[in-house]
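Just so it is clear, the structure is predicted and the values come from calculations on it, not from any experiment.
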Amino acid sequence: MEKKKFYMTTAIAYTSGKPHIGNTYEIVLADSIARFKRQQGYEVFFQTGTDEHGQKIELKAEELGITPREFVDRTAGTIRSIWDLMNTSYDKFIRTTDDYHEKQVQKIFKKLYEKGDIYKGHYEGMYCTPCESFFTPSQLVDGKCPDCGRECQPAKEEAYFLKLSNYADRLIQHIETHPEFIQPESRKNEMMNNFLLPGLQDLCVSRSSFKWGIPVDFDEKHVVYVWLDALTNYITGIGYDLDGSSEQFEKFWPADLHLIGKDILRFHTIYWPIMLMALDLPLPKQVFGHPWLLQGDGKMSKSKGNVLYADQLVDVFGVDAVRYFVLHEMPFENDGVISWELMVERMNSELANTLGNLVNRTISMSNKYFGGIVNNTNATEAVDDDLKATALSVLQKVSDKMEQLRVADAITEIFHLFKRCNKYIDETMPWVLAKDENKKDRLAVVLYNLIESICIGTTLLEPFMPETSEKILSQLNAPKRSFDDLSSYGLYPSGTKVTDTPEILFARMEVEEVLKKAEELNQEESSATGTEAPVIDLEPKAEITYDDFMKMQFQVGEIIACEEVKKSKKLLCSQVRIGSQVKQIVSGIKAHYTPEQMVGKKVMVLVNLKPAKLAGVLSEGMLLCAEDENGNLALVIPEKDMPAGAEIC
């Protein structure tokens, strides 16, 4: 019987720098899904890779004094090494600088131009370099990029456009008749209500103001715009060709799953499906927009100094502990949080205690009481029934969760079995049974049941923690099982001998020691990447006189309350105590601080700014912030603890 096919992709990583753990989360999530599908019997093709063209790459290479090709070769190598470090089982690593991909993109562009779906025009609007996106003034949020919150620059240039309007109605109908197409459900509503239903503007698909891109072969002044280049990797990577596609493409397309971050959902659920419609190709079956993995103080940013890297975490905790954390701590729809402290807590409670200690003491008791020989003597009691029922039910529960891509919940079900094993030890008290020679057969069954249940849980654990699964089965001298075997209880061969010396799977850690190690790693990372002291040069403004400066009154303020401004994506409204008075100040810093983070901060305030209304809310001053080259903001705060109202002079 021919295997069912399953083709899945991640978004391709942009080669602007080393990926942090939030970026790495996606490849680990995808890997767990691919491994699970393989265990279910699917023929899986799992593709990932790197997105390597664009103005941002050209500028970064210029800053370093190297060619764009040298820059992307170096960065793509770094990205791939991290994907490999995390033990991800991808089948294809595509680069958008691959010759085959570039040739196919040129063919696709020309085909759509000849078909009339691409036309030549001029674009005038606001351009965000980091996002490689144009926006009209009405699309900006508080004057900044609606996607990343950074400054946009006015730009006008000749460009080619894709006629999105030609296919908008067809796409709306597809989404409405295929509720599984965009997941989770909330993401579908966002795309429909915010973009499709209000009406689509045609998409800019070429640029002429920089050169690092795939040339439009019939108009070499232009290079193919990044999204048409990047998105088509999902078909070129498996052999799509307008002149005759490969057997692999015919076998695996349409994709079963595009796994992407929620921030690029619009490109994958609107622009990409329309490109496919224009090429007369079927649409992917599902696009899943996963949430972000955040640091405790917000989205990771090098300039904020809150970036965690996978190789740093692996250096301290090991690969599988990091895999466990990023997979288990991410809610289905909401953003997850990671920190060194949280990692230590989960390492100690879940991995070292629930799982590691269970395996260790089960093997140790088998060695102590029976010389390591595990026998099923059939001396069963009623207390065994619930453990067996839990073990036999876990496959279906995990499968149901994975069908919905609820990976964190699937892992919880597996650890529920391990916790049930620990409870079984407390219920049966093997150390008491060992004191009674007449209870020897009963003791043997208790240990057999524990090892059998651990084998079942460990088999299911393999997609998420493959090295740990292999280590446990090796120590138990147990053969690897198929999912079909998990519907039967008692397959562990009676008379098998476990290892003489159980390996400690996960050692308990002290927070203070881990934080000290983390600081050392951060210093090494800063030295290696040259990020210790970034320098920003600003265009000088017109000189002012001393009298001009003295007209401004700066004081220390203490934020005593803060809330989001309704109907604004960027504004926070703070109540700021300055001496004996309280001023209400509205600030465009919602992307960088939550209201909870604001409360209690001592900040620098321009107190005699003329009051003005922002989004209908009165603002009576200004909080001063520093801004880096990427538009990230940090409140200016006093170096020492100063009283609210202290003059800044």
Side-chain angles (χ1 to χ4, degrees), residues 6-14 25-26 29-30 33 47-49 51 108 112 117 128 131-135 139 145-148 161-205 225-237 240 252-292 332-335 404-406 569:
F6 190 82
Y7 174 40
M8 68 172 298
T9 68
T10 68
I12 48 177
Y14 197 46
Y25 159 67
E26 181 172 298
L29 176 64
I33 296 167
Q47 180 169 298
T48 187
D51 175 8
I108 289 168
L112 297 185
D117 286 322
C128 176
C131 292
E132 306 256 5
S133 296
F134 275 107
F135 300 98
Q139 290 175 313
C145 173
D147 289 338
C148 73
F161 295 84
L162 177 65
K163 289 184 179 179
L164 300 182
S165 54
N166 284 1
Y167 299 93
D169 290 343
R170 182 174 158 190
L171 178 57
I172 290 171
Q173 182 181 19
H174 180 85
I175 293 172
E176 288 177 340
T177 56
H178 295 78
E180 75 289 349
F181 178 57
I182 304 175
Q183 289 294 318
E185 179 78 12
S186 58
R187 311 273 191 255
K188 181 191 82 171
N189 298 334
E190 178 187 344
M191 292 302 105
M192 289 288 283
N193 297 331
N194 294 352
F195 297 101
L196 274 167
L197 295 179
L200 293 174
Q201 292 186 329
D202 290 346
L203 177 68
C204 177
V205 291
Y225 176 64
V226 64
W227 286 108
L228 190 145
D229 168 13
L231 290 165
T232 50
N233 91 88
Y234 302 131
I235 54 177
T236 65
Y240 175 75
F252 284 106
W253 191 260
D256 294 274
L257 176 64
H258 288 326
L259 188 69
I260 60 165
K262 63 180 181 178
D263 52 327
I264 54 173
L265 195 70
R266 171 163 52 101
F267 305 100
H268 285 78
T269 59
I270 297 177
Y271 304 154
W272 176 228
I274 285 176
M275 291 177 198
L276 290 168
M277 288 177 178
L279 291 169
D280 297 317
L281 292 174
L283 304 194
K285 296 174 185 176
Q286 186 172 98
V287 180
F288 185 88
H290 65 75
W292 289 332
F332 180 64
E333 292 192 62
N334 302 318
D335 295 333
Q404 303 169 61
L405 302 183
R406 292 183 176 270
K569 294 183 178 180

The criterion is ring pair (Phe, Tyr, Trp, His ring centres under 6.0 Å); which residues satisfy it with F195, sequence neighbours excluded? none
Taking the side chain as everything from C-beta on, heavy atoms only, tell me whether [X] gets closer than 4.5 Å to [Y].
X	Y	result
Y271	L162	no
W272	V287	no
R187	P291	yes
S165	D202	yes
D335	K262	yes
E26	T48	no

Identify the heavy atoms of [X] and [Y] that sit nearest to each other, and give their distance.
X	Y	answer
P282	W253	O-NE1, 2.9 Å
A11	I264	CB-CD1, 3.6 Å
P273	F181	CG-CZ, 3.8 Å

Test log, rule side-chain contact (heavy atoms from CB on, under 4.5 Å), inputs I235 and I108: CA-CA 11 Å; I235 54 177; I108 289 168; 4.2 Å; yes
With rounding to the nearest 0.5 angstrom, report the [atom1] to [atom2] distance, [X] to [Y].
X	Y	atom1	atom2	answer
F288	Q404	CZ	CD	10.0 Å
R266	I260	CZ	CD1	11.5 Å
Y234	L276	OH	CG	11.0 Å
I175	L283	CD1	CG	9.0 Å
I270	L196	CD1	CG	4.0 Å
N166	M277	CG	CE	12.0 Å

Go through the steps for Y167 and L200 under the test side-chain contact (heavy atoms from CB on, under 4.5 Å), then give the verdict. CA-CA 10 Å; Y167 299 93; L200 293 174; over 6 Å; no
Please determine whether a side-chain nitrogen of the Lys or Arg among E185 and K188 lies less than 4.0 Å from a carboxylate oxygen of the Asp or Glu. yes
Report yes if the distance between the aromatic ring centroids of W227 and F267 is under 6.0 Å, otherwise no. yes
Member of Q286, K285, Q183 meeting the side-chain contact (heavy atoms from CB on, under 4.5 Å) criterion with L257: Q286
Does any N or O in the side chain of N233 come within less than 3.5 Å of the main-chain N or O of A230, such that one atom is a donor and the other an acceptor? yes
Go through the steps to decide whether Q201 and Q139 satisfy the test side-chain contact (heavy atoms from CB on, under 4.5 Å), and finish with yes or no. CA-CA 11 Å; Q201 292 186 329; Q139 290 175 313; 4.2 Å; yes
For I182 and E190: C-alpha separation, side-chain torsions, deciding distance, then whether side-chain contact (heavy atoms from CB on, under 4.5 Å) applies. CA-CA 10 Å; I182 304 175; E190 178 187 344; over 6 Å; no
